[in-house]
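A quick write-up on the structure given underneath.
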Amino acid sequence: MLRIAVPNKGSLSGPASAMLHEAGYRQRKESKELVLVDSDNEVEFFYLRPRDIAIYVSSGRLDIGITGRDLLLDSGADAEEILQLGFARSTFRYAAEPGTAESVKDLGGMTVATSYEGVVEKHLADNGIAASVVHLDGAVETAIQLGVAQVIADVVETGTSLRNAGLAVFGEPIMESEAVVIRRTGVEGEDPKVAQFLRRLQGVLVARRYVMMDYDIRVEQVERAVALTPGLESPTVSPLHHEGWVAVRAMVPSRDAQRIMDELYELGARAILTTGIHAARL
C-alpha cells in the first residue's frame, strides 16, 4: 500500500482531508484515529503532527506526505515538494518596532525570535548576516516587549496582531508558504501509485479552478465567441437543429465566468449555463 502522512490538526488538517475526500479517498471520522486503511484505493493514511511529517517522509518510512512548505524547510529534512496544493497560504516576514530595521541587512548583531528557527537561520546565512535566533513556541509578538529579542519572524496574514503589539513588518518576505505534497529527496524512478495519487489531487485542483460553460451562438459569431472560451485545448462545437446556430462547450476559469457570460451575451449567445466540475483528468 501507498503510505501517506496527513496533518492531524491545525490549519492544514481540515483542508487536506477535504481535498483527499474530493479525490476519492476515505478519511477518518474521528480525530482520535491515527491510522486509516483505504483498501479500495490501496492507501494507508497516517495522521501526524504537521511539524513531524517531513521527518517521517525523509526517513523513508512513509512514501509521501502533506505539510506546509514552511514546516518542510524549517525541519531541514531530506525531503522535497512535488506538488503545490493551493491552500494554507501564508507569508513569512520580519517585524519589529518602527525604526528598528528596514531590511534583513540591518539585523547584524540583533536577536530574532521565531517559531521557525531553521527557516530564519538559513535566510540570515543566505544574506551573510550574523544574528542570534531564539526559538519560541506560540505567539512571538511579546518577545520584543519582554526584551527577549529586538526582532521577530513569523507568519503574517492580516498583520492585525502585529499592529496591536506596536510592531510593523519590514523588508522583503522571507518566504511564501502553502500546503504541498512532499517525498524523500533523491527517489529514483516514478512510482505508479504516487503518480496516480498526484493525478487525483491535480484533478481536484482543476475542478476547483474551472467550471464547464455551455451556450448557443449563431454561426457567424462562433470565432469571436471561441476566442472568449478557448477551453484547455479546444472547445466542443456542435450544430443545433435550428439552422444557423451551434452549441459550444468549454472549460473556463471560475473566477472569470461571470465576465465571460456577459461578453458572450453581448455577442448574441443565449442559453448560457455554467456547471461545477467535481473531478478531472487532463
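Owing to the predicted nature of the structure, the values given are computational and were not obtained by experimental measurement.
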Separation of [Y] [atom2] from [X] [atom1] (nearest 0.5 Å):
| X | Y | atom1 | atom2 | result |
| --- | --- | --- | --- | --- |
| T114 | L136 | OG1 | CG | 8.5 Å |
| Q258 | E263 | CD | CD | 12.0 Å |
| D154 | L167 | CG | CG | 10.5 Å |
| E178 | R69 | CD | CZ | 5.0 Å |
| E102 | F170 | CD | CZ | 10.0 Å |
| L228 | E223 | CG | CD | 11.5 Å |

I'd like to know if the side chain of [X] reaches the main chain of [Y], judged simply by a donor and an acceptor atom lying under 3.5 Å from each other, with no hydrogens or angles considered.
| X | Y | answer |
| --- | --- | --- |
| R184 | A79 | no |
| E33 | E30 | yes |
| R249 | P235 | no |
| S177 | D70 | yes |
| S254 | R209 | yes |
| D106 | S103 | yes |

Axial cation check for F45 ring with R28, 6.0 Å and 45° limits: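 R28 over F45 ring: no.
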
Evaluate side-chain contact (heavy atoms from CB on, under 4.5 Å) for I144 paired with E97, printing each intermediate quantity in order. CA-CA 8 Å; I144 295 175; E97 293 178 345; 3.9 Å; yes

Quick one: are [X] and [Y] in side-chain contact, heavy atoms under 4.5 Å?
| X | Y | answer |
| --- | --- | --- |
| E80 | I182 | no |
| P7 | L48 | no |
| M261 | M213 | yes |
| V180 | L85 | no |
| F197 | I4 | yes |
| V148 | V134 | yes |
| L20 | L201 | yes |
| V104 | L124 | yes |

For the pair R3 and D63, evaluate salt bridge (charged side-chain N to carboxylate O under 4.0 Å, His left out) and give the outcome as yes or no after the intermediate values. CA-CA 5 Å; R3 294 158 66 88; D63 300 300; 5.4 Å; no

Determine, step by step, whether V169 and L162 satisfy the side-chain contact (heavy atoms from CB on, under 4.5 Å) criterion, reporting the C-alpha distance in whole Å, the side-chain angles of both residues, the deciding distance to 0.1 Å, and the verdict. CA-CA 8 Å; V169 298; L162 293 177; 3.6 Å; yes

Given K105 and N127, is the side-chain contact (heavy atoms from CB on, under 4.5 Å) satisfied, shown in steps? CA-CA 7 Å; K105 300 298 184 182; N127 284 275; 3.8 Å; yes

M19 and R208: side-chain contact (heavy atoms from CB on, under 4.5 Å), yes or no, with the steps? CA-CA 10 Å; M19 177 170 279; R208 289 178 173 182; 3.3 Å; yes

Which heavy atom of [X] sits nearest to which heavy atom of [Y], and what is that distance?
| X | Y | value |
| --- | --- | --- |
| A269 | Y215 | CB-CD1, 3.9 Å |
| L71 | P50 | CD1-CB, 3.6 Å |
| A227 | P230 | O-CD, 3.8 Å |
| A280 | I277 | CB-CG2, 4.5 Å |
| P98 | G166 | CD-O, 3.5 Å |
| V151 | A95 | CG1-O, 3.4 Å |

Transitively linked via ILVMFWY side-chain contacts under 4.5 Å: [X] with [Y]?
| X | Y | value |
| --- | --- | --- |
| V252 | V248 | yes |
| V155 | L12 | yes |
| M212 | I260 | no |
| Y210 | L282 | yes |
| L198 | I53 | no |

Residue among T67, V57, I82 satisfying side chain to side chain contact (heavy atoms under 4.5 Å, CB included) with V181: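 Running side chain to side chain contact (heavy atoms under 4.5 Å, CB included) over T67, V57, I82 with V181 returns exactly one hit, I82.
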
What pairs meet the ring-ring contact (aromatic ring centres under 6.0 Å, His included) rule with one or both residues in residues 96-138, with sequence neighbours excluded?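 Counting only pairs at least two positions apart or across chains, the ring-ring contact (aromatic ring centres under 6.0 Å, His included) contacts touching residues 96-138 are F92-Y116, Y94-H123.
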
Would you say that more than 12 heavy atoms from the other residues, nucleotides or ligands in this model lie under 6.0 Å from the [atom1] of [X], or not?
| X | atom1 | answer |
| --- | --- | --- |
| R61 | CZ | no |
| R255 | CZ | no |
| K122 | NZ | no |
| R224 | CZ | no |
| E220 | CD | yes |

Answer yes if the side chains of [X] and [Y] hold a donor-acceptor pair under 3.5 Å, and no otherwise.
| X | Y | result |
| --- | --- | --- |
| Y47 | S17 | no |
| S58 | D78 | no |
| E176 | T91 | yes |
| N41 | R26 | no |

Quick one: salt bridge (Lys or Arg N to Asp or Glu O under 4.0 Å) partners of E141, sequence neighbours excluded?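 Partners of E141 by the salt bridge (Lys or Arg N to Asp or Glu O under 4.0 Å) criterion come out as none, since no residue qualifies.
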
Audit row: D74, R51, salt bridge (charged side-chain N to carboxylate O under 4.0 Å, His left out) steps and yes/no: CA-CA 9 Å; D74 193 58; R51 279 191 171 272; 3.0 Å; yes

Check ion pair R183-E81 (N to O, under 4.0 angstrom):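 So R183 does not pair with E81 through a salt bridge.
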
With sequence neighbours excluded, residues passing side chain to side chain donor-acceptor pair (under 3.5 Å) with K9: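 Checked K9 against side chain to side chain donor-acceptor pair (under 3.5 Å); zero matches.
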
